[in-house]
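Per chain, numbering begins at 1; letters A, B, ... match sequence-line order.
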Amino acid sequence: MEVTISTAELLTTDGIPLKQSLRKAERRNKLRAFLLVFPLLLFIIVTFVMPIGDMLLRSVDDSQINSVFSNTFDEYKNWDKEADELPPEEVYKSLFFELANGDKRQIGKALTRMNYAKSGWKSLIKKTTREIKKIVKKGEEPVSYKDTFIKINKLWADPTYWYSFNQMVSERSSIYYWNAIDRTFDKDGDVVLQDEKRRMYMNTWIRTFKVSIYVTIFCLILGFPVAHLLANLPLRYSNLLMIFVLLPFWTSLLVRTTAWIVMLQQNGVINGILVWLGVISDDGRIQMVYNEAGTLIAMTQILLPFMILPLYSVMRVIPKSHMRAAQNLGAKPAMAFWRVYLPQTIPGISAGGLLVFVLAIGYFITPELVGGKDGKLIGSWIAYHLRTTLNWGLCAALGGILLGIMLIFYWLYNKIVGIDNIKLG
Amino acid sequence: MNDTSQSFVKFEKIDKSYDGEVLVVKNLNLDIAKGEFVTMLGPSGSGKTTTLMMLAGFETPTNGEIFLDTKPISKIPPYEREIGMVFQNYALFPHMTVAENLSFPLEVRKISKPDIKEKVQKALDMVELGNFGTRFPAQLSGGQQQRVALARALVFEPRLVLMDEPLGALDKNLREQMQYEIKHIHDRIGITVVYVTHDQSEALTMSNRIAVFNDGVVQQLSTPDILYEKPENSFVAKFIGENNTLNGVVKEVNGSSCTVELDGGFGMVKALKINVNEVGEKTQLSIRPERVSIDSSTSGSNNFSGKIEELIYLGDHIRARLDVCGNNEFIVKVPNEGSFSHKEGDQLNLSWDSEDVRALDI
Ligand SMILES: Nc1ncnc2c1ncn2[C@@H]1O[C@H](COP(=O)(O)OP(=O)(O)OP(=O)(O)O)[C@@H](O)[C@H]1O
Ligand SMILES: [Mg+2]
């Protein structure tokens, strides 16, 4: 009761309710603030939210083929695969007319899509369409569409072709995601492993993870002492050191990667020195590039600054007196470091680790150039499908999985360390 | 000086230089007895923290040796010195709670869990923060953090506690309260304390003895009253308390006293001969404001007059700034007995006892 009375009495000197008056006064500020961030908001929407949203849509989108073969697919769903070996007559019939009357360009697109599901579709349908068009031209009406098809090409009697329809018959499907981890749909639409020769992504995913984790660990091991030095050296030395740390940012990524090839290859600088020193014999030159080792070495070097900088920014503000206080209280230097210094660097370690890891799992150019055959990461597959097979759905699914992994890590990080603890500079 | 058995901490001929060019501590000789509260007082940059750091083991003396309990400590690493320290910025570990901060020195000494708990609680109770064990340092006020730092420096029962301007960041009221509390704790547990400050009133109220530092040299080491009443050189006279100075030349030396002719021909002053040796030497006379009497032509051997430049009413006394013998910063404190009727611009007769004037270096 009293509360309502007191709120009712909250008026300004002019008798306008205080809240309303405050809102009015604040409205201008709010508007101004909004106008200030609006360009940024727009920029983020256009360059970040929309492309990613589009990508995520594509990764589940199969509407194009569904519009081309809508009748066929509808009939296909009625096929009882246990009872009949081949689809019912209706399916053949619908396909006949959809191939005969369909838009050529749309069919072409759909064929590319069908080939992702099973290679061989494209040529089979092309041949068949030619024959169908002839039949239509002659004005004949086939007695049995099924027999006509099989007469045109006996592959039409092979049920495995028909089973592959399972991967395409819904407009929104998760098939690309399953493909991205070497799974597919069998004849009942259940998720199964791909044929052995079509399994290629899981290995790459595992390698991508392995390399990313190693790179993160190596960056931490190499970056921690450097960051510590940077934070504790007198200013003029630390400035010089900082330039060395930042130097890679000012050099082209391509140049640095190529430099690593020069360094690491079998006739390269490092092997040369080792042979010259007599550590290895001339025929015992070590293969350090065009494999996983090359990817690891080059990526560690390239991503190192992303570990050093967050670490440095955290270490810089840890007062030197803390280590002294710990020792004064009786802790040996190692103990003081472990109990007092290290825990205070955790925001830096986790920020740097997260940054390096997230950059590493999506890395492309360097593994592509120095990775050879067994040092390529998942980014290579994305690029391959984007440029060569034009299988954008699969690209988007691979990208979507990457995005999901990042979000999971971000979530874990937030759970364990707390996102407010992140320190980037 | 040679009696090492008496002193608990002994600095012997300590020099310290960081860069090989400037000595920031010069020939420091200092003896501290067990249970004593010794303060190092001096202006900024005079080498106080450096001295403390050498004692704690974080800086090595360039020359000389420090003895603790008659043993030289240069070979003992900081973590074995058993010296507690309150750092200038407290240096509480921000990722540990107050209780964890306090347990830290006990844990590294491998003391059993229940004992740690008990000792931590006792230490927290001592600084009246018994209920704050689970808080983090960032959740405490400046004064509370200061007390935690103090408790942490004491909880492992060190032989000696060092405090480097522990109250520097506190406001005046809190500072005075904490001065009292630190002093109280010192009296209660009888620990030896080496305290650093550049606040002279803090030094005067807390210490058994004060070492006045300037330029890396101990200017005078003495009890607070002697420092105030009998400064041995003009730096100490000026640094501790309020001080009036008059410059002149020694004209006559007579045992422990001397006669000084003021510069500018203002007359002769009889003074104690403290830091001058022979006739003809330049000297600076030091007189405390409260030792100057006004309108009393009868007593005292030194009679002068001065023009009132400024009067400041301070309740219990009136502070008068006069122009005396060419020094227009001459301060006199007149007790407010209700009879003071002079105005600015008036001439006053002043006098002081020759025992209260000290002829010091210039
Ligand atoms: N690590 C260092 N390297 C070089 N010079 C130093 C270093 N630490 C202190 N100094 C110099 O030594 C001198 C004494 O410094 P110190 O810190 O002992 O002064 P302080 O008396 O504690 O002053 P404050 O009251 O300001 O704390 C100063 O001139 C300072 O510039
Ligand atoms: Mg200091």
Side-chain angles (χ1 to χ4, degrees), chain A residues 220 224 227-229 231-238 310-354 413-424, chain B residues 18-19 49 52-59 76-97 100-111 120 123 136-138 145 148-166:
Chain A
L220 182 62
F224 197 95
H228 183 75
L229 212 59
N232 290 293
L233 233 45
L235 202 61
R236 60 203 153 114
Y237 300 113
S238 70
L311 272 177
Y312 165 68
S313 80
V314 168
M315 288 177 176
R316 206 183 33 175
V317 296
I318 300 176
K320 291 191 180 58
S321 60
H322 283 184
M323 279 294 277
R324 289 185 160 185
Q327 290 186 54
N328 177 260
L329 293 169
K332 294 201 170 95
M335 174 73 115
F337 173 82
W338 181 251
R339 294 271 321 261
V340 174
Y341 194 78
L342 198 62
Q344 293 190 61
T345 62
I346 281 178
I349 292 178
S350 44
L354 191 70
Y413 178 87
N414 194 19
K415 267 254 131 115
I416 298 166
V417 188
I419 209 70
D420 336 324
N421 275 331
I422 206 159
K423 276 251 178 79
L424 290 178
Chain B
Y18 284 106
D19 50 9
T49 300
L52 221 54
M53 286 301 168
M54 287 192 285
L55 187 48
F58 298 117
E59 297 291 350
I76 309 174
Y79 50 88
E80 282 172 9
R81 290 195 182 186
E82 300 287 318
I83 296 176
M85 179 148 184
V86 179
F87 284 80
Q88 207 159 356
N89 56 6
Y90 313 148
L92 296 177
F93 307 139
H95 59 294
M96 297 184 189
T97 62
E100 285 166 348
N101 263 285
L102 262 64
S103 331
F104 182 80
L106 303 174
E107 279 166 22
V108 299
R109 285 177 177 74
K110 309 225 157 59
I111 292 173
V120 166
F136 283 94
Q145 290 182 23
V148 174
L150 182 62
R152 191 179 67 176
L154 294 172
V155 72
F156 62 100
E157 289 157 21
R159 311 187 261 185
L160 172 66
V161 200
L162 315 179
M163 301 191 200
D164 191 356
E165 302 196 29

Exercise for the section: Measure centre to centre between the rings of A:Tyr312 and A:His228, then say whether the value is under 6.0 Å. Expected result: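 No, the ring centres sit 6.0 Å or more apart.
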Region of [X] in contact with chain A, defined by heavy-atom distances below 4.5 Å:
X        : value
B:Leu92  : backbone
B:Glu107 : side chain
B:Arg81  : neither

Problem - A:Arg339 to B:His95 - nearest heavy-atom pair and separation - result: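 Minimum heavy-atom separation between A:Arg339 and B:His95: O-NE2, 2.9 Å.
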Practice task
Could you pull out the closest heavy-atom pair between A:Leu311 and A:Gly348, with the gap in Å?
Solution key: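 In this case the closest contact between A:Leu311 and A:Gly348 is CD2-C, 3.8 Å.
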Exercise for the section: Anything under 30° is parallel, anything over 60° is perpendicular, the rest tilted; go ahead and classify B:Phe58 against B:Phe87. Expected result: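 The rings of B:Phe58 and B:Phe87 sit tilted, inter-plane angle from 30° to 60°.
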Problem - Lys/Arg-Asp/Glu bridge criterion (N-O < 4.0 Å) met for B:Glu100, B:Arg152 - result: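 Salt bridge: no.
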Problem - Largest heavy-atom contact set with chain B, pairs under 4.5 Å, which of A:Lys320, A:Gln327, A:Met335 - result: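 Heavy-atom pair counts peak at A:Gln327.
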Practice task
Could you have a look at B:Ile83, B:Val86, B:Leu106, B:Val155 and say which one has the most heavy-atom pairs with chain A under 4.5 angstrom?
Solution key: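 Option with the greatest count: B:Ile83.
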